[in-house]
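Structure, as structure tokens:
By convention in this document, chain letters (A, B, ...) are assigned in the order of the sequence lines, proteins followed by strands, and residues within each chain are numbered from 1.
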Protein chains: 2
Amino acid sequence: MVTVGVMALGKDYATQECSIARALEIVGERWTLLVVRDALYGVRRYNDFLVHLGIPRAVLAARLQMLTEEGILEKRRYQESPPRDEYVVTDRGIALWPALRALGRWGREHYAETVLRLFQHAECGTELGSYGECPACGIVVPVEDVLMVPGPGLDPDPANPVSRALLRPKRLLQPIAVDQV
Amino acid sequence: MVTVGVMALGKDYATQECSIARALEIVGERWTLLVVRDALYGVRRYNDFLVHLGIPRAVLAARLQMLTEEGILEKRRYQESPPRDEYVVTDRGIALWPALRALGRWGREHYAETVLRLFQHAECGTELGSYGECPACGIVVPVEDVLMVPGPGLDPDPANPVSRALLRPKRLLQPIAVDQV
DNA sequence: GGTCATGGGTTCAATGACCGAACCTAGCCT
DNA sequence: AGGCTAGGTTCGGTCATTGAACCCATGACC
């Protein structure tokens, strides 16, 4: 095969004229959408992604680099000594929220036994509707006003600190506060 | 690792308590969502999937079987002699439409140069809104009332007959009519 | 009756992605 | 000097994906 120019890791859906295929070329690889989900939940640090996802280190590094290059995450220095970076989700990543939510609803309705997480309008506490709207206020709730609260099906005492931090109700995008024991 | 019972091809996101992860275990493999997309567009036959997707035969057979076992497609005999089957999307598959549409919008807004396809409310011709609603009628349009029309960016004379059949405006779920030359 | 075309597959070797474990590095802290 | 932490890279083994080739039943063509 003769490759012309750069090709993103040989994983293109070559013949497809379709924006779904374009999207899946970017976020269709294994783990990628779960990394974006965690980023929306407020996870920002390499190590937090690692322990929360249980992903191989090499794969995580590859995904973070790709998502950064694609402008879905932004790598930013948060302390100088020792130098440490965090990965913050950008507007382009935030724009994936409707797709992630639709996937999650489908998974819950067709495969999940119990409710794991609930998403509410932070202003009024109303559970979001099927397309992310607040039935009470009649608006599509912006991501930063979505409150994530644990559902009854969630393990109340998980092993890793990131999962523990995500047990507390919190707004999306707000960085998680990992408990220092 | 001790595997208890049957595990779907070693591709589980083991530690994830999350309905997004549950969904991605089912439809997160390469090609799977594109097969479902084609099924929603009205593609039903093995050979039509094959030429439209440009997917390896073995992978297509594996995906069709898995989607059938998961109740997302239904395999049904449509003629006896010679025996021929088609794969028809079920309610569970139709329920993936919001997720596919959200992914497609994201791909279009962030990566596509031109508009490839438009989706309208068949009753009134109005372009659908961001979450699949008809702005004119004020309802979320059911999938069978969505009219798909080609956009300006679509190749007007594609090589394969399935792509040609999809050039004509058509409702979702309606089987495609491949032109017999 | 022999040959070919069609639909729907299976088999195969080669390649590439993913996996877990081990290792590396820089900069602190004691 | 030794150890810890955050953030990686390297490596051998395994598993999935790929394209090409093969198979088989039926019906159409000559």
*Side-chain touch A:Y111/B:R92, heavy atoms, less than 4.5 angstrom*: yes
*In whole angstrom, what separates A:E29's CD from D:dC15's P?*
21 Å
*Shortest side-chain distance from A:Y46, nucleotide among D:dA6, D:dT9, C:dG20*: D:dT9
*Should the pair A:W31 and B:Y13 be assigned to parallel (<30°), tilted (30 to 60°) or perpendicular (>60°) ring geometry?*
perpendicular
_Quick check on DNA chain D: between A:Y78 and B:A58, whose nearest nucleotide comes earlier from the 5' end?_
A:Y78
*Rounding to a whole Å, what distance do you find between A:D85:CG and C:dA26:C1'?*
13 Å
*If you check the A:W31 side chain, which of C:dG9, C:dG8, C:dC19 turns out closest?*
C:dC19
_Check whether A:Y131 forms a cation-pi arrangement with A:R105 (NZ or CZ under 6.0 Å from the six-membered ring centre, at most 45° off the ring normal)._
no
*Select one nucleotide: of C:dG8, D:dT18, D:dA6, the one nearest the side-chain heavy atoms of A:R84.*
D:dA6
_Expressed as a whole number of angstroms, how long is the span from A:E80:CD to D:dA6:P?_
18 Å
*Less than 3.5 Å between a donor and an acceptor, one on the side chain of B:R57 and one on the base of C:dG8, is that the case here?*
yes
*In terms of side-chain heavy atoms of A:P83, which of D:dT17, C:dG27, D:dG8 is nearest?*
C:dG27
*Got a donor-acceptor contact below 3.5 angstrom from the B:T90 side chain to the B:G71 backbone?*
yes
*asked:* Starting the side chain at C-beta, find the nucleotide from C:dG9, C:dC18, C:dT6 nearest to A:R30.
replied: C:dC18
*asked:* Output the rounded distance in Å from CZ (A:R77) to P (C:dA26).
replied: 14 Å
*Under 4.0 Å between any heavy atoms, over every strand shown, what does A:F49 touch: base, sugar-phosphate, or nothing? Just pick one.*
nothing
_Separation of atom CD1 in A:I55 from atom P in C:dC19, rounded to whole Å_ = 7 Å
*asked:* Using a 4.0 Å heavy-atom cut-off, does A:V59 contact any base of the nucleic acid, only the sugar-phosphate backbone, or nothing at all?
replied: sugar-phosphate
*asked:* Once rounded to the nearest 0.5 Å, what's the spacing between atom CD of A:E86 and atom CD of A:Q79?
replied: 10.0 Å
*asked:* With nearest nucleotide decided by heavy atoms, which residue, B:P82 or A:A62, maps closer to the 5′ end of DNA chain D?
replied: A:A62
*Find the distance A:K75:NZ to D:dA6:C1' and express it as a whole number of Å.*
12 Å
*Examine C:dG8: is either OP1 or OP2 under 4.0 Å from a nitrogen or oxygen in the side chain of B:Y87? Give yes or no.*
no
_A:L50 CG to D:dT5 P, straight-line distance once rounded to whole Å_ = 14 Å
*For the pair made of CD in A:Q79 and P in D:dA6, what is the distance, rounded to whole Å?*
10 Å
